[in-house]
J.: 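Supplied in structure tokens, the structure appears directly below.
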Number of protein chains: 2
Amino acid sequence: MTLLQLRILRETVRHEFNLSKAADTLCTSQSGLSKHIKDLEHELGMSLFQRHGKRLLGLSEGGQAILPIINRIIQDSENLKGIAQDLRQADQGQLTIATTHTQARYTLPKPIAAFKQQFPKVHLALKQADPNEIRELVLAGDADIGIATEVLAEDAALVSLPFYEWQHCVIAPRDHPLSQLSASGQSVLTLSDICQWPLITYHDGFTGRSRIDRTFQQAGLTPDIVLSALDADVIKTYVALGMGIGIIAGPAFDPEQDQRLSQIPVDFFGKNTTWIAFRKGHLLRGFARTFIQLCNPEILSDSPRNPAAAMLHRP
Amino acid sequence: MTLLQLRILRETVRHEFNLSKAADTLCTSQSGLSKHIKDLEHELGMSLFQRHGKRLLGLSEGGQAILPIINRIIQDSENLKGIAQDLRQADQGQLTIATTHTQARYTLPKPIAAFKQQFPKVHLALKQADPNEIRELVLAGDADIGIATEVLAEDAALVSLPFYEWQHCVIAPRDHPLSQLSASGQSVLTLSDICQWPLITYHDGFTGRSRIDRTFQQAGLTPDIVLSALDADVIKTYVALGMGIGIIAGPAFDPEQDQRLSQIPVDFFGKNTTWIAFRKGHLLRGFARTFIQLCNPEILSDSPRNPAAAMLHRP
DNA sequence: GATGCTTACGATACCCGTAAAGATA
DNA sequence: TATCTTTACGGGTATCGTAAGCATC
């Protein structure tokens, strides 16, 4: 049994049992993979794949049984290298963060700037993606850390730590009736008030859109959403054009830059939590843990409401 | 990085950093080990051993950091083979049980007979040893299961399941005054009564001897222990010779075979628990789990007082 | 001087990749 | 026919063990 054989098996599964593609990503020949798999099957004394003649269709029962262990072995071996690198040069390496527009644009600039100053030699890569892609990136090991509001906390294969809580807010052009209402101080904006106007907000699956939909649905209201965008900048642009009023994440409103708009805080959409996630069992380099602390210093405190934080120390 | 390299590292540590001995158990040459270690160190970019010139003295800081992960990788790879074998031929293989005289002689014959009948093809090896040796055998992987009253439950690296509870009893020759007392039915034997006579019981560290000592000590009594033996058969022999009265484990008294002796149950020594233990993370073959069930069917029930039983199902 | 680790070196075996063959869709 | 896996085969390399060198005790 060889680590290479195990890696080949994992990669074959990842590429949907297409040996040719697996061989490509492993930078070797198909024939090599074929032989290695055969050897492994011979050593374990059972076939690992379902075959139709010479086609690989899926894992056999035995293959399914051992795949989790194989994955752990490979993960451990990668962690080994990570630890070694950490001990050797704790301030160098690569940190890949997958995150959404909202986080990258409004929340992360500050912690990233602090991180860059503290670890100038670390190559920090920011991958912008939608929440589902972020989850995939983290699960595949193509990103060390994922940051998003959606999806992450629901995945059992991820360790998700709460980053911060926020609420949606309503934005409107400065000369909009709602803005007057808000400025007068007697802001008792209701959900049905909002439904009076054409709405612009996030696309499905982005930045708490699901929560917005649920709120309207539970109130029995049908909002007139005239535009759904992937990010707050697009929303703000069209709100400023007078196409409607916007619903964006609170942190996405910048009083200085968004002087053409006014912000009306509302609380009926409920609280959202943005999560910082990494793959279970994935060893985070020291500076990666530091980055998480820079994002939210409280994450470190092993408070009872946050048992997942313990994973940070002993993954 | 190779599994072989990791195995070499582990074996080197096991043999107290003597490459020659490690090479022997791995059936290869010293020079090979030397090179493999060097390669691994080169790949990880750090030295794994403390050296005095050409002598290996111990693990370096880095070596200590990665050793636990290495052990887990090796263990997983062994588990892989175990699963494979289990799927292939669930009723064949090797089961090694390390246990004490008391268990081997009085408790295990019944479950072992049942096991032999159910799994005639499994090669069952019984290793008799003292509790500390049993622990070492299990930890080193030289025994799948360890059964003893002492030591096992205290080790954090073992999963210990309660086998059965028992108490000590006093034995005396049939014509001994204590036997008369017992036979008359008005048995109110006290601890100080026992101290009137020379005592024969287990050696330190065997079969609840520690609990016996504690009981006398707490009562402020100093027993006259004239002989301490490793097993109940020796104790019974000398009790029959009239050398004194004996304290043995209750299950070790056999009314049929021990007709020269009388048994006087007492309760002041308190309850002892005999444990069935295996190494954490060590995958038990299917028949090994069955054997444990044969010993104590209740172990399987995930009762709240026995959370360790869960380890049986998903180790 | 005895033990133990490292280095050198030659033979062997293993692994890899090309190419051809066989199978599937 | 096109795609994909297996088998065959030859070149290259890595591994292994013997043996010599050298440091520690």
J.: If we ignore hydrogens and angles and just use 3.5 Å, is the side chain of A/Ser60 paired with the main-chain N or O of A/Gly63 as donor and acceptor?
T.: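 Looks like yes, one N/O pair under 3.5 Å.
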
J.: When you measure from the side chain of B/Arg72 to the backbone of B/Gly281, do you find a donor-acceptor pair of N or O atoms at a distance under 3.5 Å?
T.: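 Checking the backbone N and O of B/Gly281 against the side chain of B/Arg72, no donor-acceptor pair under 3.5 Å is found.
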
J.: More than 12 non-hydrogen atoms from neighbouring residues, nucleotides or ligands closer than 6.0 Å to CD on B/Glu16, yes or no?
T.: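 Atom CD in B/Glu16 is not packed in, count stays at 12 or less.
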
J.: Rounded to whole angstroms, how far apart are CZ on A/Phe49 and P on D/dC4?
T.: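 After rounding, the gap between these two atoms is 16 Å.
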
J.: Can you list, by residue number, the residues of residues 16-35 of chain B that have a non-hydrogen atom closer than 4.0 angstrom to DNA chain C?
T.: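 Those residues are B/Phe17, B/Asn18, B/Leu19, B/Ser20, B/Ser31, B/Ser34.
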
J.: Answer with base, sugar-phosphate or nothing: what part of the nucleic acid does A/Ile37 contact at a heavy-atom distance below 4.0 Å?
T.: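 Answer is nothing: A/Ile37 stays at 4.0 Å or more from every strand.
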
J.: Rounded to whole angstroms, how far apart are NE2 on A/His36 and P on D/dT7?
T.: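 To the nearest whole Å, that distance equals 15 Å.
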
J.: State whether B/Asp233 and B/Arg105 are salt-bridged, where the test is any N-O pair (Lys NZ or Arg NE/NH1/NH2 against Asp/Glu carboxylate O) under 4.0 Å.
T.: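 Salt bridge: yes.
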
J.: In residues 53-64 of chain B, which residues come under 4.0 Å of DNA chain C by heavy atom?
T.: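 Here the set is B/Lys54, B/Arg55.
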
J.: Tell me, yes or no, whether the heavy-atom count around B/Lys127 atom NZ, taken from other residues, nucleotides or ligands under 6.0 Å, exceeds 12.
T.: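 Yes - once you tally the heavy atoms of other residues, nucleotides and ligands closer than 6.0 Å, there are more than 12.
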
J.: What I want to find out is whether B/Lys35 reaches B/Glu41 closely enough, with some N-O distance under 4.0 Å, to be called a salt bridge.
T.: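 A salt bridge is absent here (no side-chain N lies under 4.0 Å from a carboxylate O).
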
J.: Please state how far atom CD in A/Glu41 lies from atom C1' in D/dT5, giving the value in whole angstrom units.
T.: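 Value for this atom pair: 13 Å.
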
J.: Atom CD of B/Gln50 to atom C1' of C/dC5: distance rounded to whole Å?
T.: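 It is 16 Å, rounded to the nearest whole Å.
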
J.: Please check: side-chain N/O of B/Ser77 versus main-chain N/O of B/Ile74, any donor-acceptor pairing under 3.5 Å?
T.: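 Yes, because the side chain of B/Ser77 sits within donor-acceptor range (under 3.5 Å) of the backbone of B/Ile74.
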
J.: How long is the line joining CG of B/Leu4 and P of D/dG17, in whole Å?
T.: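 Computing the B/Leu4:CG to D/dG17:P distance gives 10 Å.
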
J.: Can you see if the side chain of B/Arg51 gets near the phosphate of C/dT6 - specifically, an N or O under 4.0 Å from OP1 or OP2?
T.: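 For B/Arg51, the contact criterion (side-chain N or O under 4.0 Å from OP1 or OP2 of C/dT6) is met.
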
J.: Answer yes or no: is there a side-chain heavy-atom contact under 4.5 Å between B/Val122 and B/Asp91?
T.: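 No. Closest side-chain heavy atoms not under 4.5 Å.
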
J.: Can you check whether A/His52 has a side-chain N or O nearer than 4.0 Å to OP1 or OP2 of D/dC4?
T.: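 For A/His52, the contact criterion (side-chain N or O under 4.0 Å from OP1 or OP2 of D/dC4) is not met.
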
J.: I want to check something: taking the side chain as every heavy atom from C-beta on, are A/Phe119 and A/Leu124 in contact at a cut-off of under 4.5 Å?
T.: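 SC-SC contact between A/Phe119 and A/Leu124 ruled out.
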
